[in-house]
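For clarity, every value in this text was computed on a predicted model and none was experimentally measured. The chain is numbered in sequence order, starting from 1.
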Amino acid sequence: MEENLVNLSPTAAKKEITVLVPEMHQVEELLYQTLAEAQGTIGEMGTYFLNSGGKRLRPLLIILSGKATAPLTPEREKNLIAAGAAVELIHMASLVHDDIIDQSLYRRGQPSVHALWGAKGAVLAGDFLFAKAFDILVSHNLFSVLKLMVLAIQEMCQGEILQSEQLFQTGQNEKDYFQRIEQKTGTLLAACCQSGALITQGNLRQVTGLKNYGTYLGYTYQITDDLLDFSGNSLDLGKPVCQDLRQGNLTLPILYLLQNQEAGSWVRQAIETKRLKPHHCAEIQKILREEGFLLRTEEAAARCAAMAKNELAGLSPSLNRTLLEIILEEALKRTS
């Protein structure tokens, strides 16, 4: 059954995951229960965002990492579910705040929280979601997980600030890029995988391996996302193609292009004007495709996925380990 998961549509895959990982249904129930307890407008905002969908990747990583490490007891299962719900609330809060920062009026094809309720309300809704996440972790005595999540949030904030400081800066290199995506994406995924292993009391090799798996998965996911900014479909993405570039976020394909002596010069000049026109973006897309920079980016993502898979060597063969491997394949193949 798990071998066919990669070929399913996103909706079918989510249903299949619920069958293979039944704890995900309990995570969903806890999320709705937690937000149902909130009164008034702030509860409406949280429930609205929850209903807008999402892959629930982060709670899935917590549960799979825990189950792949050691057999479950009722206490461990309860704690994995609690940690999964908490990390999804943290992720939701960060997205609500991201939409305010980016002035995004849509999220997943629907109006964003701040577009409907205003920036002030959205900021407070995000803060509320953070607080509810911390409350869940404290009430379950998951203090080691709480520490990891707090550190991950700090890194995410630093990554966002770093990205804003580097907008339109053509002197960036690959080291700068990987530092930024580790802070923005990799650290939280690493914390999820590490948390699952800690909850089920994995050994040092397992905990470290899963942490590294999460980091490399973050790289894979973000590089693929950056690739889709040039090669994806705006309907699938829920945003215009080349949006990151127009906003001055220089991702890996662009950094590769800037290293090219022939095309890199005029592209650098166009970026530094901070006023990229549609014809600039169209020409850059053409160069990225024809000169092999998109292919080079795909290869970088595949290398990161391979490194992530190698980090699972400390786990015994199991359905849960296989699902962690499938997540990597899905990250490479995704279109949105």
Check the pair Glu182, Thr187 against side chain to side chain donor-acceptor pair (under 3.5 Å), reporting the backbone distance first and the verdict last. CA-CA 6 Å; Glu182 180 171 353; Thr187 302; 4.9 Å; no
Solution key, residues 75-95 side-chain donor-acceptor pairs under 3.5 Å, sequence neighbours excluded:
residue: Glu75; atom: OE1; partner: Lys78; partner atom: NZ; Å: 3.4
residue: Arg76; atom: NH1; partner: Pro71; partner atom: O; Å: 2.9
residue: Arg76; atom: NH2; partner: Gln201; partner atom: OE1; Å: 3.4
residue: Asn79; atom: ND2; partner: Glu75; partner atom: O; Å: 3.4
residue: Glu88; atom: OE2; partner: Arg56; partner atom: NH1; Å: 3.3
residue: His91; atom: ND1; partner: Arg58; partner atom: NE; Å: 3.4
residue: His91; atom: NE2; partner: Arg58; partner atom: NH1; Å: 3.4
residue: Ser94; atom: OG; partner: His91; partner atom: O; Å: 2.7

If you draw a 6.0 Å radius around NZ in Lys132, do more than 12 non-hydrogen atoms from other residues or ligands fall strictly inside? yes
Would you be so kind as to tabulate the donor-acceptor pairs closer than 3.5 Å made by side chains of residues 304-312, with sequence neighbours excluded?
residue: Asn310; atom: ND2; partner: Ala306; partner atom: O; Å: 3.4
residue: Glu311; atom: OE1; partner: Asn212; partner atom: ND2; Å: 3.4

Under 4.5 Å between side-chain heavy atoms, hopping through other hydrophobics if needed: is there a path connecting Leu198 to Leu72? no
Any side chain to side chain donor-acceptor pair (under 3.5 Å) pairs touching residues 286-295, not counting sequence neighbours? none
Charged tip of Arg303 within 45° of Tyr216 ring normal and under 6.0 Å: no
Residues 137-162 vs salt bridge (charged side-chain N to carboxylate O under 4.0 Å, His left out), sequence neighbours excluded, gives Glu160-Lys184
Does a side chain donor of either Arg107 or Ser112 reach within less than 3.5 Å of an acceptor in the other side chain? no
If a pair satisfies side chain to side chain donor-acceptor pair (under 3.5 Å) and one of its residues is in residues 29-41, list it, with sequence neighbours excluded. His25-Glu29, Tyr32-Asn51
Enumerate the residue pairs fulfilling ring-ring contact (aromatic ring centres under 6.0 Å, His included) with a member in residues 118-170, sequence neighbours excluded, ordered by first and then second residue. His97-Phe130
Residues Thr185 and Gln222: side-chain donor-acceptor under 3.5 angstrom: yes
Between CG of Leu64 and CD of Glu325, what distance do you get to the nearest 0.5 Å? 11.5 Å
